[in-house]
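Encoded as structure tokens, the structure appears first; notes follow it.
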Number of protein chains: 2
Amino acid sequence: MTTAEERETPPARRGGARRAELVALASRLFRERGYHGVGMRTLAEAADMQAASLYHHFRNKEELLLEAIFVVDRDLIADQLPILDGPGTHRERLVRLVRGHVRHIADNRDAWWVAARELRALSPDRFDEVQVYRRRYQHRIAQHLADGVRAGEFDCDDPRLVSLAILDMINGLNEWFDPAGRLTIDEIADRYASLAVRQLTP
Amino acid sequence: MTTAEERETPPARRGGARRAELVALASRLFRERGYHGVGMRTLAEAADMQAASLYHHFRNKEELLLEAIFVVDRDLIADQLPILDGPGTHRERLVRLVRGHVRHIADNRDAWWVAARELRALSPDRFDEVQVYRRRYQHRIAQHLADGVRAGEFDCDDPRLVSLAILDMINGLNEWFDPAGRLTIDEIADRYASLAVRQLTP
DNA sequence: GTCTATAGGGGGATAGAC
DNA sequence: GTCTATCCCCCTATAGAC
């Protein structure tokens, strides 16, 4: 049982290191086998405990999924959007945003994988909750592009469409990025920032 | 039971309209609830039959998934790659390819959804089989970009990376495209073709 | 080609001891 | 905070009648 107060605290602010470890473990397994493909018994075995013990840390399986997804969608807003309100030209701020976004993916690959694939496994209420974050991020970027156009710095016929195109381009890299591959993540971050700028250069 | 000859025929060339109907139905349900989230009973009910009857049409559940994914990955190669060997400048051929790719997604949204999310639910052998198609498509596009650079038509430091960036941009639209939305699919196809060209214009 | 029946296993979740 | 034991349900797949 949880108290009313605990129920209203956002999941990721509750609990400590153990809870975060379990979420990270769940993210890895969900990524490898899919949310519905991983049972609580499998999860528990990987955490060296019994399935029943997991229910002391999480109300149910969905809460594990929600926390994994929040690592992506809530933290991204917090880390990234302040960049757009910071100093620099519109172009410089966009470059910093793209680089930061690429590195956030590289630093949280399992969670990004899960957030991309398993959002629909959430109940409708939870789904909507995540979508609010996701849309806020995209809309703010579209706004930044429109601002840059008004400032005469960008050339862009359709900021909404281009913001989606740029985000999809970046998010796709988690599918093929290989830490041992031809390019380091910092090289990719730089090149993707250039590609984004190229879409907007007058 | 199937004969040896049937077993060696590629899945999508076997069977008739009924089989294709069942694959389309499965694609829709897999998209809505995920591959592991849809049971054979659910599938059978939606098709107005009993679960056991499905095993007359498909050896197992995975065969349904494989066929859904092949609608995307095998057909795309067949429809699209000839464009790059056809007439026109490198730029014109790229524009035709992007438009065709966008329309293929719009015409097969369920299958594309499943192909993007559930590839890992395949057994390793089947997974590899699909990846061969996927890589062939991407490599051929990277080749086209490199050819265009040599012809002096494109400017591109890293054709491999840019081919991935363009494909990820396009494939992402299935996440947010709404047939009843602001832009028609043909408008999106045109604008995405322009964005792709913009990445390569000297 | 479709059915009924069922095998054999795993699913999420809970009760209550310690 | 972790355990054992268990509930009840759904899973994929097969056997064999029609």
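To find a chain, count down the sequence lines: A is the first, B the second, and so on, and within it residues start at 1.
- Across the protein-nucleic acid pair, B:Arg19 atom CZ and C:dG1 atom C1' stand 14 Å apart, rounded to whole Å.
- The side chain to side chain contact (heavy atoms under 4.5 Å, CB included) test with A:Arg134 singles out one residue from A:Leu76, A:Leu167, A:Asp73, and that residue is A:Asp73.
- Remark: A:Ser53 is in phosphate contact with D:dC3, judged by side-chain N or O atoms under 4.0 Å from OP1 or OP2.
- For the pair B:Lys61 NZ and D:dC11 C1', the computed distance is 8 Å after rounding to whole Å.
- Under 3.5 Å, the side chains of B:Trp176 and A:Asp168 contain a donor-acceptor pair of N or O atoms.
- Between D:dT2, D:dA15, C:dT2, one nucleotide has an atom nearer to the side chain of B:Met49 than all others, and that is C:dT2.
- The nearest whole Å value for the distance from the CD atom in A:Gln50 to the C1' atom in D:dT6 is 13 Å.
- Per the geometry, CE belonging to B:Met40 stands 16 Å off C1' belonging to C:dA7, to the nearest Å.
- In this structure, B:Leu183 and B:Phe177 approach most closely via the heavy-atom pair O-CE1, 4.0 Å.
- Taken from CG in B:Leu195 to CG in B:Asp190, the straight-line distance is 11.0 Å, to the nearest 0.5 Å.
- Comparing atom distances between the B:Asn60 side chain and each of D:dA13, D:dA15, C:dG1 picks out D:dA13 as nearest.
- Comparing B:Ala52 and A:Arg18 by the nucleotide of DNA chain D whose heavy atom lies nearest to each, the residue mapping closer to the 5' end is A:Arg18.
- In this structure, B:Glu45 atom CD and C:dC3 atom P are separated by 12 Å, rounded to whole Å.
- In summary, B:Glu175 and B:Arg117 engage in a salt bridge, as defined by a charged side-chain N under 4.0 Å from a carboxylate O.
- Distance A:Arg59 CZ to C:dT14 C1': 16 Å, rounded to the nearest Å.
- The side chain of A:His57 places an N or O atom within less than 4.0 Å of a non-bridging phosphate oxygen (OP1 or OP2) of D:dT2.
- When rounded to the nearest whole Å, the span between CG of A:Leu54 and C1' of C:dA15 equals 17 Å.
- A residue-by-residue look at B:Glu62 and A:His56 shows that A:His56 has its nearest nucleotide of DNA chain D further toward the 5' end.
- If you measure from atom OH of B:Tyr55 to atom P of D:dT12, you get 6 Å, rounded to the nearest angstrom.
- Between the side chain of A:Arg41 and the base of C:dG10, no donor-acceptor pair under 3.5 Å is found.
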